[in-house]
Amino acid sequence: MDGDKPGDALAIFMNNGWTCFRLRIWVDPRNGVNGLEYTTRLARRIKEAGGTFMLDFHYSDWWADPQKQNKPAAWAKLDFDALVKQTQTYTAHVIKTLKDAGATPDFVQIGNEITGGMLWPDGQVKVPLSTVKVFGGDVTVIKPPEPYDDAIQWDHLIRLIKADVRGVRAVTSRRDHVRIVIHIDCGGDWPVTEWYFDHLTKARVDYDVIGQSYYPNWHGTLENVRDNLRHTIERYHKDVMIVETAYPSRGVRLSEAAAKNMVWPMTPEGQRQFLADLIRTVEEAPGGHGIGVNYWHPEATFIPGSTNRWSGPDANSLFDAKGYPLPAIGVLAIRPVSQTPHSAAVERH
C-alpha cells in the first residue's frame, strides 16, 4: 500500500530513498520463477524505474546458501573441466541476455554465500570453525566429503570463480561499469573472512566488492561487524557491502544462543533502529569503502493463496499483514543519507 491506495513496490522503496534492487537467478527452476526470462523482465522494471540492479547467481536450480550448493540437474554429470566451461558459458549468456534487454547489472554476485564453496562437491572447501557464528536448528556445520584434499578443493573453487568472472567480463566493457561481488556469510567473523579472502588474493582472483551477510541471530554483534569491516578494508582495500540483512518486527522463537545478539526490540520501531544502526556502521567504515546495505525480502507481505504464507507476512518484512509499510521503510529519513550512491538496497523476488 502507498498511503490509502495500492502502489508499486519499486516506486514505494525508491520514494523512501532506497536505490538498489537485488535479484537471484536460478539455472532451471521449477515453473520458471527466478529463471532467466523471469529475472530479465523484473530487471527491466528496475532499470526503467532508475534503480541500481544487483544480480545474484546461485548456480543452482534452487536455493544455494551455506547449507547447500547443489549443482543444476543439467550439470550434475559433467566432469570438472566441462563444469568449468559450462558455468562460464552460462554466466556469459545470462549477462549478455540482460544487456541486450537494456538491463545490464550494476553489480554481479559470483555465487550466493559461498563461504564453503559452490557447485558441491566439486568446488566445496572446508570452512574453519567460527567462534562467532551461531549454529542450531537448520544451520549446522557442513563438512565436505572424505577423503578431503584442501589444495585440490581450493584449486577447484578458484577455477570456478575465475571462470564465472571471465563470463561476466567477456560480454561487458568498462563502459558498462559492472562490479563483481564475492559474497560470504561472515558479517561479524573476521578470522573466517580473512581465511577466505586471503585464498582469493593469493590466487589473484579478479573482483571488486566484498559482500557479507549479517543477521544478528547468526553472525555476531554489531561491534563484530564494525571490526570485521575495518579489518577487511585495511587488508584488501576493497569496497564492502552487507548484501543480506533483516530483523523481525515481531517476536519470533529463537534459541538462547541465537537470541543473545538480538538486542533491538522485536517491534516495528526496533526493526527500524536495527537497520538505522547497521547502515550507519557500514557508512562509517574506513575510507568511504562501506557502500551499501541490502535488506532481504522486504516486500514479503501477505496475499492469501499467493505468497506461500499461511497466516501473515514474514516477520522480517517491511510491510504489515495488510500491505502497509512499517517504519523501517523510512529509515533513510531518520538519519543523514550517505553521499555514496548505493546507501540502501532491497532484495526483490
Hey, does the side chain of [X] reach the backbone of [Y] with a donor-acceptor pair shorter than 3.5 angstrom?
X      : Y      : result
Thr91  : Val168 : no
Ser60  : Asn70  : yes
Gln67  : Thr140 : yes
Gln212 : Ile242 : no
Gln69  : Asp65  : yes
Thr39  : Gly35  : yes
Tyr295 : Leu318 : no
Trp18  : Ile329 : yes
Asn112 : Ala64  : yes
Asp164 : Ile161 : no

* Asked: Do Trp154 and Trp195 have their ring centres less than 6.0 Å from each other?
  ->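 Between Trp154 and Trp195, the centre distance is under 6.0 Å.
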* Does the gap between the ring centers of Phe135 and Trp218 come in under 6.0 Å? ->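 Between Phe135 and Trp218, the centre distance exceeds or equals 6.0 Å.
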Cluster question for you: counting only ILVMFWY and a side-chain heavy-atom cut-off of under 4.5 Å, with indirect links fine, are [X] and [Y] together?
X      : Y      : result
Trp62  : Trp120 : no
Val134 : Trp264 : no
Val84  : Leu78  : yes
Ile12  : Val331 : yes
Ile110 : Phe80  : yes

* To do: Mind running salt bridge (Lys or Arg N to Asp or Glu O under 4.0 Å) on Arg226 and Glu223 for me, showing each step along the way?
  => CA-CA 5 Å; Arg226 182 177 292 108; Glu223 188 64 31; 2.7 Å; yes
Point-to-point distance, once rounded to the nearest 0.5 Å, from [atom1] of [X] to [atom2] of [Y]:
X      : Y      : atom1 : atom2 : result
Glu244 : Gln109 : CD    : CD    : 7.5 Å
Thr245 : His219 : OG1   : NE2   : 9.5 Å
Thr281 : Leu229 : OG1   : CG    : 8.0 Å
Tyr38  : Leu23  : OH    : CG    : 8.5 Å
Gln271 : Leu326 : CD    : CG    : 5.5 Å
Asn16  : Met14  : CG    : CE    : 11.5 Å

Does a salt bridge link [X] with [Y], judged by any charged N lying under 4.0 Å from a carboxylate O?
X      : Y      : value
Lys126 : Glu146 : yes
Asp81  : Lys85  : no
Arg272 : Asp277 : no
Asp61  : Arg30  : no
Asp2   : Lys5   : no
Lys260 : Glu256 : no
Asp208 : Lys238 : no

* Given side chain to side chain donor-acceptor pair (under 3.5 Å), test Asp198 with Tyr196 step by step and report yes or no. => CA-CA 6 Å; Asp198 273 4; Tyr196 192 89; over 6 Å; no
Within-4.5 Å side-chain heavy-atom neighbours: [X] and [Y]:
X      : Y      : value
His93  : Thr97  : yes
Phe57  : His183 : no
Ser249 : Met266 : no

Do you know the tightest heavy-atom contact between [X] and [Y]?
X      : Y      : value
Pro248 : Asn316 : N-OD1, 3.0 Å
Val263 : Tyr247 : N-OH, 3.9 Å
Pro105 : Phe53  : CA-CD2, 3.5 Å

Do [X] and [Y] get their side chains close enough for a donor-acceptor pair, meaning under 3.5 Å?
X      : Y      : answer
Asn294 : Arg22  : no
Asp149 : Gln153 : no
Thr221 : Asn224 : yes
Thr115 : Asp185 : yes

* To do: Apply side-chain contact (heavy atoms from CB on, under 4.5 Å) to the pair Ile279 and Leu332, showing each step before the final yes or no.
  => CA-CA 9 Å; Ile279 291 172; Leu332 299 177; 4.1 Å; yes
* **For Ile210, the option from Asp239, Thr232, Ile233, Asn228 that meets side chain to side chain contact (heavy atoms under 4.5 Å, CB included)** =>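 Running side chain to side chain contact (heavy atoms under 4.5 Å, CB included) over Asp239, Thr232, Ile233, Asn228 with Ile210 returns exactly one hit, Thr232.
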* To do: Only one of Asp206, Leu200, Val205 passes side chain to side chain contact (heavy atoms under 4.5 Å, CB included) with Lys162; say which it is.
  =>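 Testing each of Asp206, Leu200, Val205 against Lys162, the sole residue satisfying side chain to side chain contact (heavy atoms under 4.5 Å, CB included) is Val205.
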* Going through the distances and angles, do Phe21 and Lys47 end up as a side-chain contact (heavy atoms from CB on, under 4.5 Å)? -> CA-CA 10 Å; Phe21 300 85; Lys47 299 293 275 192; over 6 Å; no
* Which is it for Leu119 and Trp75 under the side-chain contact (heavy atoms from CB on, under 4.5 Å) test, yes or no, and what are the steps along the way? -> CA-CA 9 Å; Leu119 293 166; Trp75 304 1; 4.0 Å; yes
* Look at atom NZ of Lys68 and say whether more than 12 heavy atoms of other residues, nucleotides or ligands are closer to it than 6.0 Å. =>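 Correct, the count exceeds 12.
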* Check whether more than 12 heavy atoms from other residues, nucleotides or ligands sit under 6.0 Å from atom CZ of Arg44, and answer yes or no. =>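 Counting neighbours around CZ of Arg44, 12 or fewer heavy atoms of other residues, nucleotides or ligands fall under 6.0 Å, so no.
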* Cation over ring, Lys71 on Tyr59, under 6.0 Å and within 45°? ->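 Not satisfied by the 6.0 Å and 45° rule.
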* Asked: For Arg41 and Glu37, what are the C-alpha separation, side-chain angles and deciding distance, and is it a side-chain contact (heavy atoms from CB on, under 4.5 Å)?
  -> CA-CA 6 Å; Arg41 292 199 306 269; Glu37 181 180 351; 3.4 Å; yes
* In sequence, state the C-alpha distance, the side-chain angles, and the governing distance for Asp189 and Lys133, and then conclude on salt bridge (Lys or Arg N to Asp or Glu O under 4.0 Å). => CA-CA 7 Å; Asp189 192 338; Lys133 189 172 182 179; over 6 Å; no
* Chi angles and distances behind the ring-ring contact (aromatic ring centres under 6.0 Å, His included) call for Tyr207, Phe197 -> CA-CA 11 Å; Tyr207 70 100; Phe197 285 98; 5.8 Å; yes
* Asked: Could you go step by step and tell me if Ser317 and His297 meet the side chain to side chain donor-acceptor pair (under 3.5 Å) rule?
  -> CA-CA 7 Å; Ser317 175; His297 207 188; over 6 Å; no
